[in-house]
Structure formats: structure tokens, C-alpha cells
Amino acid sequence: RHPLMRQGGARDSQQSMLIPAGPWKEAAGASDGVIFNLDTEWLLVIQDPSVLWRRQGSDGSDSRTTDGIIDGRITLNDVLDGKYPEPLDLASFGSYCLKNQSDELLHFILTVRMLRKAKPELEAYKDIVRAIAVVYIVPTTHVGGEEEGKFGFERREINVEYFHKKRLVAKLKKLDLLLRPDYKIFDSMYKEALRLLNYNSFRRFKNS
């Protein structure tokens with residue numbers, strides 16, 4: 001388990017992340033000028049998701065080539081699970097995605113996996129889900145150029161079919177009605193992101 005992944009979602013070392021009001025707020029299931037209260041670990045992941053894969057002391061740019069040694073038995077899920085050594089490890093794949101500017105899908109997938117494993121309690125869960133949605137899901141058309149510049153962190157909207165985003169937006173609008181966390185809330189988006197990452201970046205990585 002990654003050191004950032006903790007069970008239970010205790011909200012110690014809490015920090016606030018101000019999300020400005022804007023035309024996207026209803027789509028994200030948020031109120032005007034909402035403040036997301038994230039613990040230090042989650043704030044770090046939202047601001048710099050490469051911490052979920054890069055080697056300690058590295059900026060993530062130290063990519064290793066596979067020299068074409070990967071065969072069809074090597075799967076993306078196994079790489080994500082950390083089952084292989086260099087150059088087939090997650091850090092090598094993350095560096096490859098970063099170098100080729102295809103890291104948004106990987107970062108979204110790893111962040112969702114962290115949510116599933118950490119299983120935060122309800123109130124923490126709501127803030128984390130909204131933060132993930134604002135960074136990766138809510139369409140740019142709901143944000144607008146002026147509003148996007150106010151966020152204080154980089155948005156990394158993933159390029160998936162709009163109907164997946166529309167389906168999630170409907171769930172976000174009902175987030176405050178939940179009586180217990182739904183750790184599968186991103187499942188549709190996750191499966192599509194995994195499919196795209198596997199078909200594009202991972203296939204090229206295997207031949208790099």
C-alpha cells in the first residue's frame with residue numbers, strides 16, 4: 001500500500017482549499033465560494049498527484065526505457081499494483097506518461113484508487129470527491145478562463161466521452177444526500193480512463 005493511503009479518513013492536519021464560486025459550482029455539487037477541507041495528504045495528492053508514483057527524491061523525469069522487453073502477459077493493472085521491478089514499475093510508467101504529456105489519465109486513476117483504499121468517512125469523502133471532480137471531471141465549459149485562473153492548483157481535465165462526465169455530474173448534485181460514502185462513484189469514469197490509458201500510453205510504453 002502506498003504510504004499516502006490510510007484507512008478510515010481521520011481528519012488530522014486539516015487544511016482548507018478555497019474553490020471560487022463560478023458557473024461550474026452547480027455541476028460540481030458545490031455551494032458558492034465553497035471551501036474543501038482536505039487533510040495534508042489529500043491536499044498534496046490533489047496539488048501534485050505525481051507523488052503517487054514518482055521515486056523518492058525524483059522529480060519524475062528519470063524515465064527508463066523497456067527496450068521492447070514487455071510482452072502481452074504484462075498488464076496495466078499489474079503495473080499499477082506495483083508487481084514489476086524497473087523498468088516495468090509504476091515509476092517508470094509514470095515518468096513515461098509525464099514525458100509524453102499523457103499523465104492526466106494516470107493521475108486520475110491513481111487518485112481514484114487511493115480514494116477506494118483509504119475509505120474516508122462521509123464528510124471527508126464529500127470534500128475529496130468534489131476536489132477530484134473539479135480537477136479531473138467538471139468540463140472546462142463549466143469553469144471558464146477567468147474562473148479557472150483562481151483555483152490555485154492545476155486542473156487536469158481528462159479527455160473522456162461527455163456522457164460519462166454528465167452521468168457523474170448528476171451524482172455530484174446529490175452528494176449531500178448520501179448517508180454513507182459511495183466509493184464506487186467514479187467507477188464509470190475510472191473504467192473508461194483505464195481503457196484509454198491501456199490502449200494509448202501503455203501500449204506505446206511497452207514498445208519504448
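Computed from a predicted structure; not experimentally measured. Because only heavy atoms are used, hydrogens play no part in the values below, and waters and symmetry mates are left out as well, while side chains stay in.
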Between S201 and K206, is a side chain to side chain contact (heavy atoms under 4.5 Å, CB included) present by the stated rule, with each step listed? CA-CA 9 Å; S201 297; K206 290 194 292 185; over 6 Å; no
Verdict with reasoning, D182 to K126, per salt bridge (Lys or Arg N to Asp or Glu O under 4.0 Å): CA-CA 10 Å; D182 175 13; K126 291 177 183 178; over 6 Å; no
Between F202 and I74, is the side chain to side chain contact (heavy atoms under 4.5 Å, CB included) condition met? List the steps. CA-CA 10 Å; F202 188 65; I74 304 297; 4.2 Å; yes
Any chance you could lay out the side chain to side chain donor-acceptor pair (under 3.5 Å) test for S102 and N100, step after step, and finish with the verdict? CA-CA 6 Å; S102 58; N100 290 275; 5.7 Å; no
Stepwise side chain to side chain contact (heavy atoms under 4.5 Å, CB included) test for M189 and E161: CA-CA 9 Å; M189 300 286 298; E161 293 289 344; over 6 Å; no
Verdict with supporting geometry, N77 and L194, side chain to side chain contact (heavy atoms under 4.5 Å, CB included): CA-CA 9 Å; N77 276 318; L194 196 67; 3.8 Å; yes
Go through it in stages, so that I can follow the logic: the residues are Y125 and Y183, the test is ring pair (Phe, Tyr, Trp, His ring centres under 6.0 Å), and I'd like the CA-CA distance, side-chain angles, deciding distance and then a yes or no. CA-CA 9 Å; Y125 161 86; Y183 300 117; 5.8 Å; yes
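The aromatic rings of H107 and W53 sit parallel, their planes meeting at an angle under 30°, below the 60° perpendicular limit.
The main-chain N or O of E41 is found under 3.5 Å from a side-chain atom of D39 such that the two form a donor-acceptor pair. D48 places no side-chain N or O within 3.5 Å of a backbone atom of L44 that could act as its donor or acceptor partner.
Taking all atoms of both residues into account, the shortest heavy-atom contact from I128 to W42 is CD1-NE1, 3.4 Å. Residues E104 and Y136 share a closest heavy-atom pair of O-CE2, 3.8 Å. When all heavy atoms of M114 and V45 are compared, the closest pair comes out as SD-CG2, 3.7 Å. Closest approach of V79 and L90 over heavy atoms only: O-CB, 3.7 Å. Nearest heavy-atom pair, V160 versus K165, reported as atom, atom and distance to 0.1 Å: CG2-CE, 3.8 Å. In this structure, F93 and L106 approach most closely via the heavy-atom pair CE2-CD1, 4.1 Å.
Annotation: the span from L43 atom CG to D127 atom CG amounts to 11.5 Å, rounded to 0.5 Å. Between the CG atom in L175 and the CD1 atom in I185 there is a gap of 5.5 Å [rounded to 0.5 Å]. Summarising the geometry, atom NZ belonging to K191 is positioned 10.5 Å from atom NE2 belonging to H164; distances are rounded to the nearest 0.5 Å. The SG atom of C97 sits 8.0 Å away from the CZ atom of F205 when rounded to the nearest 0.5 Å. Distance check: I109 CD1 to L197 CG gives 4.5 Å after rounding to the nearest 0.5 Å. Atom CG of L196 and atom CD1 of I158 lie 8.5 Å apart (nearest 0.5 Å).
Between S50 and D103, every side-chain heavy-atom pair lies at or beyond the 4.5 Å cut-off. Looking only at side-chain heavy atoms (C-beta outward), R195 and L76 stay at 4.5 Å or farther from each other. Y84 is not listed as a side-chain neighbour of D89, based on a closest heavy-atom distance of 4.5 Å or more.
In this structure, a donor-acceptor pair under 3.5 Å is absent between the side chains of T111 and R156. For the residue pair S95 / R54, no side-chain donor-acceptor distance below 3.5 Å is found, with atom types taken as modelled.
Electrostatic pairing of E121 and R180 does not count as a salt bridge here, judged by no charged N lying under 4.0 Å from a carboxylate O. We find that K171 and D187 are not joined by a salt bridge, their nearest charged nitrogen and carboxylate oxygen being 4.0 Å or further apart.
A cation-pi arrangement is present between R116 and Y190, with the terminal nitrogen or guanidinium carbon under 6.0 Å from the aromatic centre and inside a 45° cone about the axis. The cationic group of R203 lies under 6.0 Å from the six-membered ring centre of Y199 and within 45° of the ring axis, placing it in a cation-pi geometry.
The environment of CG in N159 is sparse: at most 12 heavy-atom neighbours from other residues, nucleotides or ligands sit within 6.0 Å.
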